[in-house]
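What follows is a short report on a single structure.
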Amino acid sequence: MTGTDFQAGIERVAKKLLEITDVLNTLDAAMGDGDTGVSVSKGAQGVLEHVTANPAGDDIGKWLAGVGMAYNRVAPSTMGALVATALMRAGKEVLASSSVDDIGLAKMLQAANVGIQERGKAKLGDKTLVDALHPAAEAFSAAINTGSSLEDAGQSMLEAARKGRDAAMPLKSMIGRANWVGGTEGKLDPGTVLVVTVLEALMRV
Amino acid sequence: MTGTDFQAGIERVAKKLLEITDVLNTLDAAMGDGDTGVSVSKGAQGVLEHVTANPAGDDIGKWLAGVGMAYNRVAPSTMGALVATALMRAGKEVLASSSVDDIGLAKMLQAANVGIQERGKAKLGDKTLVDALHPAAEAFSAAINTGSSLEDAGQSMLEAARKGRDAAMPLKSMIGRANWVGGTEGKLDPGTVLVVTVLEALMRV
Amino acid sequence: MKKILNDPNNFVNEMLEGMYKAHPEMVSSVGSDLRCLVRKDAPVMNKVAIATGGGSGHLPVFLGYVGQGMLDGTAIGDVFQSPSSDQMLEVTKRIHGGRGVLYVYGNYGGDVMNFDMATEMASLEDIEVRTVLVKEDVASASKDRADTRRGVAGMVFAFKIAGAKADLGASLEEVEAATIKALANMRTMGVALSPCILPAVGRPTFNVPDGEMELGMGIHGEPGVRRGKLETADQIGDTILETISADMTILSGDSVAVMVNGLGATPPEELYILYRRVHDNLEQLGVKVHKAFVGEYATSLEMAGASITILKLDAELQALLDHPAHTPMFRV
Amino acid sequence: MKKILNDPNNFVNEMLEGMYKAHPEMVSSVGSDLRCLVRKDAPVMNKVAIATGGGSGHLPVFLGYVGQGMLDGTAIGDVFQSPSSDQMLEVTKRIHGGRGVLYVYGNYGGDVMNFDMATEMASLEDIEVRTVLVKEDVASASKDRADTRRGVAGMVFAFKIAGAKADLGASLEEVEAATIKALANMRTMGVALSPCILPAVGRPTFNVPDGEMELGMGIHGEPGVRRGKLETADQIGDTILETISADMTILSGDSVAVMVNGLGATPPEELYILYRRVHDNLEQLGVKVHKAFVGEYATSLEMAGASITILKLDAELQALLDHPAHTPMFRV
Ligand SMILES: Nc1ncnc2c1ncn2[C@@H]1O[C@H](COP(=O)(O)OP(=O)(O)O)[C@@H](O)[C@H]1O
Ligand SMILES: Nc1ncnc2c1ncn2[C@@H]1O[C@H](COP(=O)(O)OP(=O)(O)O)[C@@H](O)[C@H]1O
Ligand SMILES: [Mg+2]
Ligand SMILES: [Mg+2]
Ligand SMILES: [Mg+2]
Ligand SMILES: [Mg+2]
């Protein structure tokens, strides 16, 4: 995959996120402060402006890190820091590369996953986006490493993310603002919905 | 009249005022801040305690000034300053006297009236207690000076006070807190009611 | 009622106990009457003493300004009620340092009457007292009745100027003259967005409906010049500055001090938003802001709203404003 | 909504503009980003720099404490939202005086993540950064989970101690150590009586019914330990002090600083009533109050309520607390 592919992927994700801001706000209102969508839409818009002004070039890694920082600048706070960390860590895996193969993609997703966990200190089962991202990254790596096609690996990744999202639903939020609010059990965590949406957009689902 | 008579008069007034505190509060609530009765009851109670501890003696003037200061101490603010001024000015007329004749009484009432007007700067027609007190003091002096009995002079005084109170009713309050509040026209001014009550108590009506 | 209280009848006395316990090095009472509060080091000999007083419920006014370079003492009453003339006299006697006493306080009926009585009593004790009434609220009466205007946050500037002049060793006449000059060059106007609740009453004594404001309302709820829809910060700032400059000439080249004062519940953030507009408007007029005071300087319990005070400065007033002051709630 | 505002979306930037206009001699921005606010004289060379940051809506926290003897700079975000790591980095670079930078801020997820990112980026620029997290709110987690506690008004004491130590020329390690010591000796607990309204939202994001209170509620509405009938000032003071002294030993002979902090709409009068009780209780325990801070130090817009912070002092902390400080909203 080239820089152009990455830029197209980022743009697809950003546009898709702009479509689900209301959903994210509603989910967050039920168990947080109701602003996930507000923050994500600021971030997505900022990213679209940034990539228009700074198209991807020869260094995919550096470019991705720049996209992450752009997101954090326009939409800081929790989600901004997590998104920026994910993109910077993923980018670090492919610094100075002008194209990335499937194994590289798997490493990037794992790096993003590890980075988010290091940054946010959320554990599996704390009912955060980690509950969707972690199994997805694991499934994708496993599939790629056992020789699956990108398409198939992507499908396993998506399935794992959706399963993780649903499995987190009955849990109680243990971290972040949702941790203050009672009665989070049985509600969808907006972060897990966001992860599934991002992966779907990458997969053009 | 001796010190004992004055003390008895002051006690009659204080007890009578304690009976009408609710009426005063209600009147003030309609056109001020609703605390005339609160303040008057504090003052009357303070006066009763003061005269019990400090009975009237040979110097009626000094004793009256003391009663006025006692009132001001327990119930300062507008009414406290006016009452204290009235008693101090009345007392000044009979300093070092152990008894007072009818002409002396008229002078005392006039001094109180003038003192209150100097202190409060309210003019006739501003809809304050001056509208009841001023005509009462004038009527009493006129009657005494033309040889009326104390009883008859007192009756003219009371009549003048009541007429003054009623004449002020349709007016608009021009001074004090009532001046802030709209729609005072047509309402009884608590200060005029207080003056009539005080004079009635002095006359044992 | 959203108040942290014990018995509402003890509101004033318990607040005072808290003040004495919190600032033992700065203030003390006159004898056992907590409501007569003076500088710890009173009387300061050979200095004109500055006294004030009035009802409680306006902190930092009055107690918060007692100390070096500002007030020597104050007598305070119940919430929004005058103290007694006796109390004012006690404070006066205690702070008198041999060069006379200046009373500086707001133009409210009960306060004026009681301070006037105290002045008469002080003269019997051979203490010379002069009075400067603070009445800088442009909204409270038209210019031809300016003498009946109320005193509001500008009181704080008056305390500062009088206190500094006295601290510099001036005579009673000189302190009086500087304070009168400051007041002639000072105007305030405010806006109220919500009422306050007297602790002993337990409900608002007046009302400002949600989404409305009353321009020019007084700090006890005295009606203002206009009740209407809540305007923007910029509109409020414009209106107030226009009203003030219609009442007092402010010219290009003038130097001013500005106070944007919160009435109690309005956060500092909003006060700075208001200040921003006032600053820009003054700048456009060619007026220099020598010093800005943004915060809570004279309040009405938990009333929401703000007032803006403009004080035109000459060299003397500017120096007096910048003179050091050190009190429990104010520091220069 | 009872707010003096223009476009709610400009709340933070217009507030900042007001601050820069009001205090031009004390603060300036880093380049054109108003949300990166530093001392006018930054960088102070050969001094450890102190930085903080977090969401807006807590004035005087954070901006009001930037100045001599306290903070060198701060990055602030939208109301109750973290600033970006970029902004923190910009502030860090601008204030670095060659001896390292100490981050002192409250333990909130978004802030921690962004400051951690800024730390990583600063290290790439060869700036040594250390972090001391403020997490002194006893109500926010039990003692065995003390590491997850929030930072509230005690932040102000932390700024004061760190700032004074740095002002005295100490090294980064020494400043860090003094700040850690202060935090180990500090506990806060608060009570909320009414919610606050985010300007952009226009209605309360949580609720406290009239006549009720929430003991231990956080400054963004984080739930506390008990929702119930509004208690008296004395009961509230007793409960908070008991909770604090169950968490940190306070012994007869100890010397402490006390902060009774208003959350926004609670008048100073009520804070003094609360202080009175805390002072009496401490006195009964044989504890000496070295200094009392009663006022608004860390707020939540127009929330009604108060918090109490106790800081145990040794000789070093006492000297650092008394060390001069001069900032837009705080002065020692
Ligand atoms: N420490 C964390 N690690 C990973 N994800 C987190 C963490 N804290 C919160 N989240 C995710 O962030 C989402 C909320 O995002 P958002 O509403 O933007 O943040 P905020 O809590 O600052 O309002 C949650 O649904 C959760 O999935
Ligand atoms: N300046 C004044 N001179 C004479 N009487 C006055 C004056 N101001 C107010 N009053 C009288 O005082 C009464 C109100 O008394 P009170 O309620 O105790 O005072 P306050 O206005 O301080 O609440 C009015 O009804 C009026 O008669
Ligand atoms: Mg949220
Ligand atoms: Mg009244
Ligand atoms: Mg306040
Ligand atoms: Mg406030």
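Naming convention: chains lettered A, B, ... in sequence-line order (proteins, then strands); numbering from 1 in each chain. Below, each value reflects all heavy atoms present in this structure, side chains not excepted, and no hydrogens, waters or symmetry copies.
Taking D:Gly211, D:Gly57, D:Ala306 one by one and counting their heavy-atom pairs under 4.5 Å with chain C, the maximum is reached by D:Gly57. Counting heavy-atom pairs under 4.5 Å between each of D:Pro60, D:Ser194, D:Ser300 and chain C puts D:Ser194 at the top. Chain D forms the most heavy-atom pairs under 4.5 Å with one residue out of C:Asp280, C:Leu271, C:Val260, C:Leu16, and that residue is C:Asp280. Per-residue heavy-atom pair counts under 4.5 Å with chain D were compared for C:Gly18, C:Ala292, C:Gly305, and the maximum is reached by C:Gly18. Of all the listed residues (D:Met213, D:Glu270, D:Glu25), the one sharing the greatest number of non-hydrogen pairs under 4.5 Å with chain C is D:Glu270. When the candidates D:Glu269, D:Arg331, D:Lys3 are compared by the number of heavy-atom contacts under 4.5 Å with chain C, D:Glu269 comes out ahead.
Both the backbone and the side chain of D:Leu5 come within contact range of chain C, with heavy atoms under 4.5 Å apart. No part of D:Val79 comes within reach of chain C, as not one of its non-hydrogen atoms sits under 4.5 angstrom from that chain. In this structure, chain C has heavy atoms under 4.5 Å from both the backbone and the side chain of D:Ile4. Using a 4.5 Å cut-off between heavy atoms, D:Ile236 touches chain C through its side chain atoms alone. Of the atoms belonging to D:Val294, it is side-chain heavy atoms, and not backbone ones, that fall under 4.5 Å from chain C. Of the atoms belonging to C:Phe293, not a single heavy atom falls under 4.5 Å from chain D. Neither the backbone nor the side chain of D:Pro8 comes within less than 4.5 Å of any heavy atom in chain C. C:Met329 touches chain D through its side chain: at least one heavy atom from C-beta onward sits under 4.5 Å away, while N, CA, C and O do not. Of the atoms belonging to D:His326, not a single heavy atom falls under 4.5 Å from chain C.
Residue D:Glu17 holds its CD atom at 12.5 Å from OH of C:Tyr275, rounded to the nearest 0.5 Å. Note that NZ of C:Lys291 and NE2 of D:His23 are 10.0 Å apart. Values are rounded to the nearest 0.5 Å. A distance of 10.0 Å separates NZ of D:Lys2 from OG1 of C:Thr266, quoted to the nearest 0.5 Å.
Here C:Thr52 pairs with nothing under the side chain to side chain donor-acceptor pair (under 3.5 Å) rule; sequence neighbours left out. Scored by the salt bridge (charged side-chain N to carboxylate O under 4.0 Å, His left out) test, D:Asp234 finds D:Arg276, D:Arg277 as partners (sequence neighbours excluded).
Using a 4.5 Å cut-off on side-chain heavy atoms (C-beta onward), D:His279 and C:Tyr20 make no contact. When side chains are defined from C-beta on, C:Lys21 does not count as touching D:Val289, because their heavy atoms never get closer than 4.5 Å.
Exactly one of C:Met15, C:His58, C:Glu302, C:Glu296 qualifies for a side-chain contact (heavy atoms from CB on, under 4.5 Å) with D:Pro267. That residue is C:Glu302.
Judged purely by atom type and a 3.5 angstrom limit, D:Asn6 uses its side chain to pair as donor or acceptor with the backbone of C:Ala233.
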